[in-house]
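Each remark here refers to the structure printed beneath this line.
Quick note on labels: first sequence line is chain A, next is B, and so on, each numbered from 1. The figures here come from the full heavy-atom set of this structure, side chains too, leaving out hydrogens, waters and symmetry mates.
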2 protein chains.
Amino acid sequence: MTAGNGRTATGSGAALGDTVAKVVRQWQTVHPGLDTAPMEIIGRVNRCAALLQQAEDAPLRRAGLTRPEFDVLATLRRTGHELTPSEIVRETFASGAAVTKRLKALTERGLVERRGDTRDRRVAHVRLTDTGRDLVDSVLPEQLSYETAVLSGVEADNRRELAVLLEELLIQLEGRLGVPRA
Amino acid sequence: MTAGNGRTATGSGAALGDTVAKVVRQWQTVHPGLDTAPMEIIGRVNRCAALLQQAEDAPLRRAGLTRPEFDVLATLRRTGHELTPSEIVRETFASGAAVTKRLKALTERGLVERRGDTRDRRVAHVRLTDTGRDLVDSVLPEQLSYETAVLSGVEADNRRELAVLLEELLIQLEGRLGVPRA
DNA sequence: AGCAGGTGTTTTACTCGTGAAATATCTCCT
DNA sequence: AGGAGATATTTCACGAGTAAAACACCTGCT
């Protein structure tokens with residue numbers, strides 16, 4: 001304990017770092033030599049995601065939307081055309097059951113509309129109503145500027161660099177796990 | 001549409017990039033000029049977290065544990081001493097109700113024990129049983145080497161760099177949102 | 001002493017997501 | 001034609017998390 005082996009693998013010998021750095025230090029005292037390197041990435045990604053979600057929810061809640069609901073609306077908006085529920089499942093990475101529920105809620109609120117396919121009566125086509133489109137278009141800029149503010153504490157060059165490195169990671173992860181399409 | 005403004009802010013003018021890059025391109029065609037920079041970080045962090053959690057669950061499930069349950073056990077292990085439920089709440093960033101449930105489940109499985117405080121009868125003290133400690137000590141290395149494998153697709157230097165940048169981000173986020181301690 | 005208000009923990013009621021089964025429809029093969 | 005098997009979507013039963021209330025106990029003031 002005490003301040004023994006402070007700079008295990010954190011790099012900057014500066015202060016104490018973030019929560020994950022503390023956890024890593026604790027592990028090093030209990031299991032010295034343990035390869036904790038993956039924690040420094042995966043632990044941080046998880047923790048960042050948790051904190052960001054809390055933060056992000058704020059502007060959306062003002063619009064009466066949950067993040068997954070907004071994802072559905074935004075997906076319809078950015079693709080620019082109707083989507084079937086299955087396509088929404090693939091785009092938003094949610095389960096079919098979840099999408100069904102969300103579409104029901106969004107339909108009841110008049111933000112999306114559905115129509116049956118003329119050829120294949122199994123499939124439905126979902127599109128934004130004018131209200132839904134306007135909602136996305138008004139919330140999205142708020143959301144983005146809020147996010148910009150949240151990230152503003154990180155040096156601009158580092159933000160770019162972080163985006164690039166996260167892309168490299170995500171490409172790997174999607175290759176291994178996500179998108180198992182032929 | 002088509003391949004018009006491909007390299008909006010992705011950096012490498014290479015292929016198509018990850019899922020987030022695609023989303024960003026879609027937004028640029030619908031709302032040209034929109035500042036989508038935050039998505040490239042926040043969107044990726046969220047998506048990475050989602051994919052990593054699916055992946056990570058695998059080795060833990062083999063041990064019959066969920067990730068949050070393992071977090072409780074690991075917290076007890078790395079601190080090296082008993083913790084009260086409140087302390088576990090603070091360490092694991094879970095709600096009080098969730099911790100109560102998890103402790104109940106872990107107690108029933110004989111992985112943790114509780115005792116009442118002698119001075120203050122409101123507080124409980126939770127500690128790992130021998131079985132619980134052994135379980136953590138056997139699962140953790142598996143978990144870490146699994147995670148190492150998952151990350152192995154990213155260049156070693158980039159992994160270090162990514163850890164450093166995520167730490168910078170997390171310090172900002174924790175300063176703004178988490179740890180609101182005096 | 002005795003009570004007002006604070007803190008630690010659990011309980012309650014509810015929401016939301018999930019996997020698997022159910023339903024409806026289509027497609028292809030014979 | 002007709003049915004076996006595939007596909008799109010919804011329904012069902014349940015597990016897990018949450019916020020807020022409840023509960024139990026402590027502390028400090030009068």
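- When distances run from any side-chain atom of B/K101 to the nucleotides D/dT18, C/dG19, C/dG17, the shortest one goes to D/dT18.
- Relative to the side chain of B/V123, the nucleotides D/dA19, D/dT10, C/dG8 differ in distance, and C/dG8 lies closest.
- Rounded to an integer number of Å, the gap from CD1 of B/I88 to C1' of C/dT10 is 14 Å.
- Of the charged side-chain nitrogens involved, none lies within less than 4.0 Å of a carboxylate oxygen, so that A/E69 and A/R102 do not count as a salt-bridged pair.
- Between B/L144 and A/L34 there is a side-chain heavy-atom pair separated by less than 4.5 Å.
- Rounded to whole Å, atom C1' of C/dC16 lies 14 Å from atom CD of A/Q53.
- Between B/E91 and A/K22, at least one side-chain nitrogen of the basic residue sits less than 4.0 Å from a carboxylate oxygen of the acidic one, meeting the salt-bridge criterion.
- The side chain of B/R90 contributes no N or O atom lying less than 4.0 Å from OP1 or OP2 of C/dG8.
- Look at CZ on B/R67: it is 16 Å from P on D/dA16, rounded to the nearest Å.
- Summarising the geometry, the separation between NZ on B/K104 and P on D/dG17 is reported as 13 Å, rounded to the nearest angstrom.
- Between B/L103 and A/E69, the residue whose closest nucleotide on DNA chain C is further toward the 5' end is B/L103.
- A side-chain N or O of A/Q28 and one of A/T36 form a donor-acceptor pair less than 3.5 Å apart.
- Within 4.0 Å of B/T84, counting heavy atoms only, lie sugar-phosphate atoms of the nucleic acid but no base atom.
- Note on B/E40 versus A/R160: no salt bridge recorded, every NZ/NE/NH1/NH2 to OD/OE distance being 4.0 Å or above.
- Here A/S95 reaches the OP1 or OP2 of C/dT18: one of its side-chain N or O atoms lies under 4.0 Å away.
- Counting only heavy atoms from C-beta on, B/A97 has its side chain closest to D/dT18 among D/dT11, D/dT18, C/dT10.
- In this structure, A/Q54 atom CD and D/dA19 atom P are separated by 9 Å, rounded to whole Å.
- Nucleotide D/dA19 holds its C1' atom 11 Å from the CZ atom of A/R61, rounded to whole Å.
- Taking every side-chain heavy atom of B/P68 into account, D/dG17 is the closest of D/dT11, D/dG17, C/dG17.
- Protein atom CZ of A/F93 is 17 Å distant from nucleotide atom P of C/dG17, rounded to whole Å.
- Within 4.0 Å (heavy atoms only), A/A124 reaches sugar-phosphate atoms of the nucleic acid but no base atom.
- As a whole-Å value, the separation of B/E87 CD from C/dT7 C1' is 14 Å.
- Ion pairing between B/E168 and A/R159 fails under the 4.0 Å rule for side-chain N and carboxylate O.
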### Query
Reading nucleotides 21-27 of chain C 5' to 3', which nucleotides get B (base under 4.0 Å from a protein heavy atom), which S (sugar-phosphate only), which -?
---BBS-
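- Comment: B/D117 does not engage B/R121 in a salt bridge, judged by the lack of any side-chain N to carboxylate O separation of less than 4.0 angstrom.
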